[in-house]
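Structure first, then comments.
Given the structure is predicted, the values throughout are model-derived calculations rather than measurements.
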Amino acid sequence: MIILFCVGAGFINAQEMHFTQLYSAPVFLNPAFTGANACSRFSMVSRVQWSGMIDPYKTMLISFDHSPYAYPIGLGMIVGVDEAGAGTLRTTVVKPSFAYEARIKKLYHLRLAVQPGIGIKSINFNSLLFGDQIYRGGNGVKTVETPMSSKTYFDFGTGAVFTGSNFWTGLAFSHLNMPDESFLKTTVQRMPIEYRLQAGAKLDLNKGERDPLEKKYFSPVIHYSGQNKFDQVDVGFYYSKQIFTVGLWYRGIPGLKAYKKGYQNNDAIAIIAGIQTTRLKIGYSYDQTISDLATVSKGAHEITLSYQICNPKKRRSRLVLISCPKF
C-alpha cells in the first residue's frame, strides 16, 4: 500500500500514536496521570498494527514517572518512536511531564499537568515509488534531490484528571501550539490539535471479602479521541481477580458517524489479557479488524511491560492513587 500520496505537495500526513492497552501508557494517555502511583513506575509498550501488510505500522513507547514523597506532584518522561509505510516515515517524541494534585474534598481530587517536548519526523524518499518512475519504466529516474529529510519541532500538551474513590474522568490535549511538520521550507503544514477524553469506574464485586486473593473487580471504561475531522470511540471493560485481568474493547462509532457515504465507522474488537504481581505487570492484546480491511490487515498485536521500582506496601504517599485499570 502506498500511504504517502501527498509527497509531491511538499508535506506528509501521518497517524498519531495510539494504543489498545491505554492504561499501560498512562503518561501518554494523559499527562495528569504522571506520578499517580504509589511508586516510581517504568513502562514499555510495543505495537505492530496491520501485521498482514508488507510494511506494518510499528510503535514503541517507553515512559517513566515518579511521585516525590513530600510533595503532591508528579514528574515523568515519555520517549516514543512510530514507523509507518515503505518510506520509513518515522515520528520520534521526547516529552517530559509535570503534574500537580489538589484536594477538593476528602474523596475528590483534581490533577493538572503540562507536557512540553519535541517531535522529530523523518522520511526516506528513496524508499517510495513515484508516478513518474512508473510512467518512464523506472529507469533510474531521480525524483527527489534529497533522499532523506527530517523536521524537528516543539510540541506542547496539557491534561487534567478528576478522581473520586472509585471513578475517574480526564481530558488531555496535544499539539496545542500546532507545530509546523512540513519537510519543505516553502510550505507550512500545521499539526491539528488532538484531544482525548477518558472516563471509567472500578466496581468492587464482593465488598465483604477481605482476602485480597478472592477480590473481584469490574471496570467499565470509555475513551474518545479526535483530531481535525477524524475521531474514534473506544468502549469496553476489565475484569480482575487475584493477579489476572481480562478485558474487551470495541473501537468505532457505528451509526453515528461515517466519514463518507457508504463507509461505516467500525474499526476493531480487542481482547486484552494481563498478569500483575506486586511490582511487575505484563499484558498482551490483539485487535481483530471488523471493517472491510480485515482480510488484509491481520489485526494488531500489542505487548506491554511495567515495573514498579519500590514495594507499594511499604511506601506511603501524599498522592491519592487512582483506581483505574492497569492494561
Side-chain angles (χ1 to χ4, degrees), residues 16-19 21-46 59-82 91-104 108-120 152-164 168-177 179 194-198 276 278-281 283 304-327:
E16 292 285 348
M17 296 182 188
H18 71 279
F19 302 101
Q21 300 178 62
L22 300 171
Y23 293 96
S24 287
V27 182
F28 174 83
L29 175 64
N30 189 329
F33 284 117
T34 301
N37 195 51
C39 307
S40 299
R41 174 174 51 188
F42 172 85
S43 302
M44 181 183 71
V45 184
S46 177
T59 307
M60 172 73 73
L61 183 78
I62 298 175
S63 65
F64 174 81
D65 64 316
H66 171 71
S67 58
Y69 169 72
Y71 305 98
I73 62 174
L75 307 173
M77 172 73 75
I78 63 171
V79 178
V81 178
D82 182 76
T91 303
T92 302
V93 296
V94 180
K95 297 181 179 181
S97 55
F98 309 91
Y100 174 79
E101 181 179 273
R103 175 179 293 186
I104 299 176
Y108 302 102
H109 294 76
L110 178 65
R111 299 179 60 87
L112 303 174
V114 293
Q115 192 172 55
I118 62 169
I120 305 172
T152 302
Y153 51 87
F154 174 73
D155 198 359
F156 182 78
T158 186
V161 172
F162 178 72
T163 64
W168 71 95
T169 181
L171 178 65
F173 295 92
S174 299
H175 323 310
L176 280 175
N177 58 318
E194 181 192 11
Y195 45 93
R196 299 183 297 272
L197 174 66
Q198 56 278 161
Q276 179 179 1
T278 302
R279 297 190 181 186
L280 180 69
K281 68 180 180 70
T304 63
L305 175 67
S306 180
Y307 182 77
Q308 296 187 121
I309 297 179
C310 73
N311 187 339
K313 293 182 179 180
K314 298 180 180 180
R315 169 72 184 271
R316 294 183 302 167
S317 175
R318 292 181 57 185
L319 297 180
V320 175
L321 305 184
I322 302 176
S323 299
C324 60
K326 303 300 181 182
F327 300 95

Check your understanding: Thr158 and Leu176: side-chain contact (heavy atoms from CB on, under 4.5 Å), yes or no, with the steps?
Key -> CA-CA 8 Å; Thr158 186; Leu176 280 175; 3.5 Å; yes
If we only count heavy atoms from C-beta on, is the [X] to [Y] side-chain gap below 4.5 Å?
{"X": "Ile62", "Y": "Ile78", "result": "no"}
{"X": "Thr91", "Y": "Ile120", "result": "no"}
{"X": "Cys39", "Y": "Arg279", "result": "no"}
{"X": "Ser63", "Y": "Phe28", "result": "no"}
{"X": "Asn177", "Y": "Tyr153", "result": "no"}
{"X": "Ile73", "Y": "Phe98", "result": "no"}
{"X": "Gln198", "Y": "Leu29", "result": "yes"}
{"X": "Val45", "Y": "Leu305", "result": "no"}

Exercise for review: Keeping the roles fixed (side chain from Asp65, backbone from Met77), state whether a donor-acceptor pair exists under 3.5 Å.
Suggested key: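 A pair under 3.5 Å: no.
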Check your understanding: Would a distance-only check, ignoring hydrogens and angles, find a side-chain to backbone donor-acceptor pair under 3.5 Å from Thr59 to Val81?
Key ->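 No.
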Check your understanding: Hey, mind stepping through Phe156 and Val114 against side-chain contact (heavy atoms from CB on, under 4.5 Å) and telling me if it holds?
Key -> CA-CA 8 Å; Phe156 182 78; Val114 293; 4.1 Å; yes
Point to revise | Non-neighbouring partners of Lys95 that pass salt bridge (Lys or Arg N to Asp or Glu O under 4.0 Å), sequence neighbours left out | key: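 Result, salt bridge (Lys or Arg N to Asp or Glu O under 4.0 Å) vs Lys95: Asp155.
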Distance from [X] atom [atom1] to [Y] atom [atom2], nearest 0.5 Å?
{"X": "Leu22", "Y": "Asn30", "atom1": "CG", "atom2": "CG", "answer": "11.5 Å"}
{"X": "Asp82", "Y": "His18", "atom1": "CG", "atom2": "NE2", "answer": "9.5 Å"}
{"X": "Tyr100", "Y": "Arg111", "atom1": "OH", "atom2": "CZ", "answer": "11.0 Å"}

Minimal non-hydrogen separation, [X] against [Y], with atom names:
{"X": "Ala25", "Y": "Phe19", "answer": "CB-CD1, 4.4 Å"}
{"X": "Ala99", "Y": "Ala32", "answer": "CB-O, 4.2 Å"}
{"X": "Leu112", "Y": "Ala160", "answer": "CD2-CB, 3.7 Å"}
{"X": "Thr304", "Y": "Gln21", "answer": "OG1-OE1, 2.9 Å"}
{"X": "Ser97", "Y": "Val27", "answer": "OG-CG1, 3.4 Å"}
{"X": "Gly159", "Y": "Pro31", "answer": "N-CG, 3.8 Å"}

Check your understanding: Is the charged tip of Lys281 near the ring of Tyr307: under 6.0 Å from the six-membered ring centre and within 45° of its axis?
Key ->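 Geometry flag: not set, cation outside 6.0 Å or 45°.
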Point to revise | Stacked cation flag Arg41 on Phe33, 6.0 angstrom / 45 deg | key: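 The answer is no, since Arg41 fails at least one limit relative to Phe33.
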Check your understanding: Given His175 and Glu16, is the side-chain hydrogen bond (donor to acceptor under 3.5 Å, both in side chains) satisfied, shown in steps?
Key -> CA-CA 11 Å; His175 323 310; Glu16 292 285 348; 2.7 Å; yes
Review point. Yes or no on side-chain contact (heavy atoms from CB on, under 4.5 Å) for Gln308 and Thr278, after CA distance, side-chain angles and deciding distance?
Key: CA-CA 8 Å; Gln308 296 187 121; Thr278 302; 5.6 Å; no
Check your understanding: Under a 4.0 Å N-O cut-off, is there an ion pair linking Glu101 with Arg103?
Key ->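 Salt bridge between Glu101 and Arg103, a charged N being under 4.0 Å from a carboxylate O: no.
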Check your understanding: Given Leu197 and Thr169, is the side-chain contact (heavy atoms from CB on, under 4.5 Å) satisfied, shown in steps?
Key -> CA-CA 8 Å; Leu197 174 66; Thr169 181; 4.3 Å; yes
Exercise for review: For Tyr23, enumerate each residue passing the ring-ring contact (aromatic ring centres under 6.0 Å, His included) test, keeping only those at least two apart in sequence or located in another chain.
Suggested key: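 Per chain and number, Tyr23 pairs via ring-ring contact (aromatic ring centres under 6.0 Å, His included) with Trp168.
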